[in-house]
Amino acid sequence: MTDTDRRRQPVTDGGSPVPVGVKIGSTRTVIAFPAPDGGVQVIRTLTCLAEYKNPITGETKYAYGDNAAAEYPDSVEFPLRSGLPDSGHQTERTAQFFDAVVDSHDVPEDSVVVYVTPLSENTTGQENLGRVIADSPIGTGGIERYPEMLCGAIPAFGDGLEAIETVFAAMNLGATHVESAAFRRGEQVAPYRTAAVSGNEVDRKIISNVENETQSRVHIDINTAREYKEQHASFENFEPLTDVIQQPGGGRHEFTIGRSIMDPVEEYLDTVVAHFAGEFLPQLSGQYQRVQRLALDQPVVLTGGMACLPGFVEECQQRLGEAVDTEMTVTAPDRPDIAPAIGAQRIASRLVR
Ligand SMILES: Nc1ncnc2c1ncn2[C@@H]1O[C@H](COP(=O)(O)OP(=O)(O)OP(=O)(O)O)[C@@H](O)[C@H]1O
Ligand SMILES: [Mg+2]
């Protein structure tokens with residue numbers, strides 16, 4: 001299941017390849033390509049797959065994405081759970097997943113693909129990810145890669161590629177890590193990355209908090225914790241959450257949790273702000289003092305799924321201003337989770353032309 005289940009024919013104008021933007025993230029994969037109505041259609045799905053057996057033929061089959069996570073919570077595999085694919089197995093599974101998604105949504109093969117990559121020194125992982133795209137059916141018209149953060153910031157600056165003409169700073173709030181950099185007309189400077197704070201870490205803390213808050217009566221898995229966070233965490237109007245679990249011996253247990261979700265999210269934001277103000281900005285000003293001044297004339301752009309939480313951007317602006325003792329402006333694209341693929345798709349459109 002994805003944001004759009006529309007299956008329509010791709011638009012090609014007079015036979016030129018179709019521009020496609022791709023993000024294969026550790027948690028979610030997002031693909032953006034032209035819709036028949038002239039807009040952009042977006043596929044957004046969990047980067048996961050689950051193996052099952054056809055009970056009649058005994059054949060091994062696979063379910064993908066959100067369906068796999070919902071139907072096989074016990075055995076679902078996220079091949080990129082810990083980041084870029086290091087091993088042959090992870091690469092193979094990622095390719096299998098990606099090819100299935102591309103195929104089931106009829107993403108045009110005759111396409112120019114721009115895909116995004118996170119900041120990472122893991123060159124093997126970067127190469128393996130590149131191989132997944134290169135060996136997939138799409139991108140016969142060419143394949144390019146750009147930083148996830150830069151692409152994610154593009155929709156925050158306008159309807160075109162204004163971001164590429166600008167000097168600004170950005171922060172990408174991912175599932176496995178947080179990254180920051182300044183961008184100078186598209187060139188990335190002073191990149192900073194830390195895995196000490198991540199969306200996944202918030203999920204793990206929610207698991208143990210729920211256990212504590214329910215006196216060990218409720219144990220949730222990591223996917224449930226992620227859903228609690230994505231659907232309920234809010235800096236604007238958080239309300240205690242009531243849910244029901246089936247108990248192993250049978251019977252239902254209803255429970256309500258209060259601070260289990262927001263405590264780790266609050267801590268997450270504080271840590272993110274501390275890293276940006278205490279590590280990234282000093283590093284940037286140490287190397288590029290004037291660039292920093294120019295960059296901070298623009299709003300700091302937040303991208304990545306964690307910036308989707310209601311009120312996150314405003315709260316981040318407030319706390320960042322306090323941390324650096326100057327007024328700061330923080331902004332985000334409309335949909336920080338899908339923005340990297342949207343930005344990549346715009347670059348692909350430019351390349352096609
Ligand atoms: N709509 C949403 N609301 C709240 N949180 C979200 C939302 N979408 C994603 N997240 C959370 O944001 C985090 C990052 O999501 P994102 O899709 O940007 O990660 P990713 O690109 O797959 O991960 P990585 O960059 O680490 O490979 C995850 O922890 C996810 O649970
Ligand atoms: Mg990401």
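Counting starts at 1 for both ligands and their atoms, in listed order.
- Not a single N or O atom of G174, backbone or side chain, sits closer than 3.5 Å to an N or O atom of ligand 1.
- In terms of N/O distances under 3.5 Å, ligand 1 is approached by A175.
- Under 4.0 Å from ligand 1, heavy atoms of E230 appear from its side chain as well as its backbone.
- Looking only at atom types and distance, the side chain of R93 has no donor-acceptor partner in the side chain of Q90 under 3.5 Å away.
- Residue K23 has at least one N or O atom closer than 3.5 Å to an N or O atom of ligand 1.
- The aromatic rings of F276 and F280 sit tilted relative to each other, their planes meeting at an angle between 30° and 60°.
- In the model, N122 has a side-chain atom that pairs as donor or acceptor with a side-chain atom of D86 under 3.5 Å.
- Within E148, OE2 is the N, O or S atom that lies nearest to the Mg ion (ligand 2).
- No side-chain heavy atom of V189 sits less than 4.5 Å from a side-chain heavy atom of Q287.
- In this structure, the side chains of I43 and V101 come closer than 4.5 Å at one or more pairs of heavy atoms.
- Of all atoms in ligand 1, numbered sequentially from 1 with element shown, those under 4.0 Å from a heavy atom of E148 are 21 (O), 25 (O).
- When only non-hydrogen protein atoms are considered, atom 18 (O) of ligand 1 lies nearest to G305 N, 2.9 Å.
- Cluster partners of Y72 are Y52, counting Ile, Leu, Val, Met, Phe, Trp and Tyr whose side-chain heavy atoms approach within less than 4.5 Å, directly or via other members.
- In this structure, T140 OG1 and D110 CG are separated by 4.5 Å, a value rounded to the nearest 0.5 Å.
- Here the CG atom belonging to L269 is positioned 9.5 Å from the CG atom belonging to L309, to the nearest 0.5 angstrom.
- Using a distance-only test at 3.5 Å, with no hydrogens or angles considered, no donor-acceptor pair links the side chain of T331 to the main chain of P299.
- Look at K229 and you'll find a heavy atom under 4.0 Å from some atom of ligand 1.
- Residue contact check: G304 has heavy atoms under 4.0 Å from atoms 18 (O) of ligand 1.
- Interface atoms of ligand 1 facing R44, defined by a heavy-atom separation under 4.0 Å, are 1 (N), 8 (N).
- With atom 12 (O) of ligand 1 as the reference point, the heavy atom nearest to it among R335, M306, H232 is part of M306.
- The closest protein non-hydrogen atom to atom 23 (O) of ligand 1 is S26 OG, 3.1 Å.
- Put simply, part of L173 is less than 4.0 Å from ligand 1, judged by heavy atoms.
- Ligand 1 lies nowhere less than 4.0 angstrom from a heavy atom belonging to M149.
- In summary, the atoms of ligand 1 found under 4.0 Å from a heavy atom of R226, numbered by their order in the structure, are 31 (O).
- Taking a cut-off of under 4.0 Å to the non-hydrogen atoms of G199, the atoms of ligand 1 that pass are 29 (O).
- Only one option out of I31, V22, V18 pairs with V107 in a side chain to side chain contact (heavy atoms under 4.5 Å, CB included); it is I31.
- A centroid separation of less than 6.0 Å is found between the aromatic rings of F168 and F157.
- The protein atom (non-hydrogen) at minimum distance from atom 4 (C) of ligand 1 is L309 CD2, 3.3 Å.
- Considering only non-hydrogen protein atoms, atom 22 (O) of ligand 1 sits nearest to T27 N, 2.8 Å.
- Listed by number with element, the atoms of ligand 1 under 4.0 angstrom from any heavy atom of T176 are 24 (P), 26 (O).
- Nearest protein heavy-atom contact of atom 3 (N) of ligand 1 is C308 CB, 3.4 Å.
- Here E230 pairs with R28 in a salt bridge; the nearest charged N to carboxylate O distance falls below 4.0 Å.
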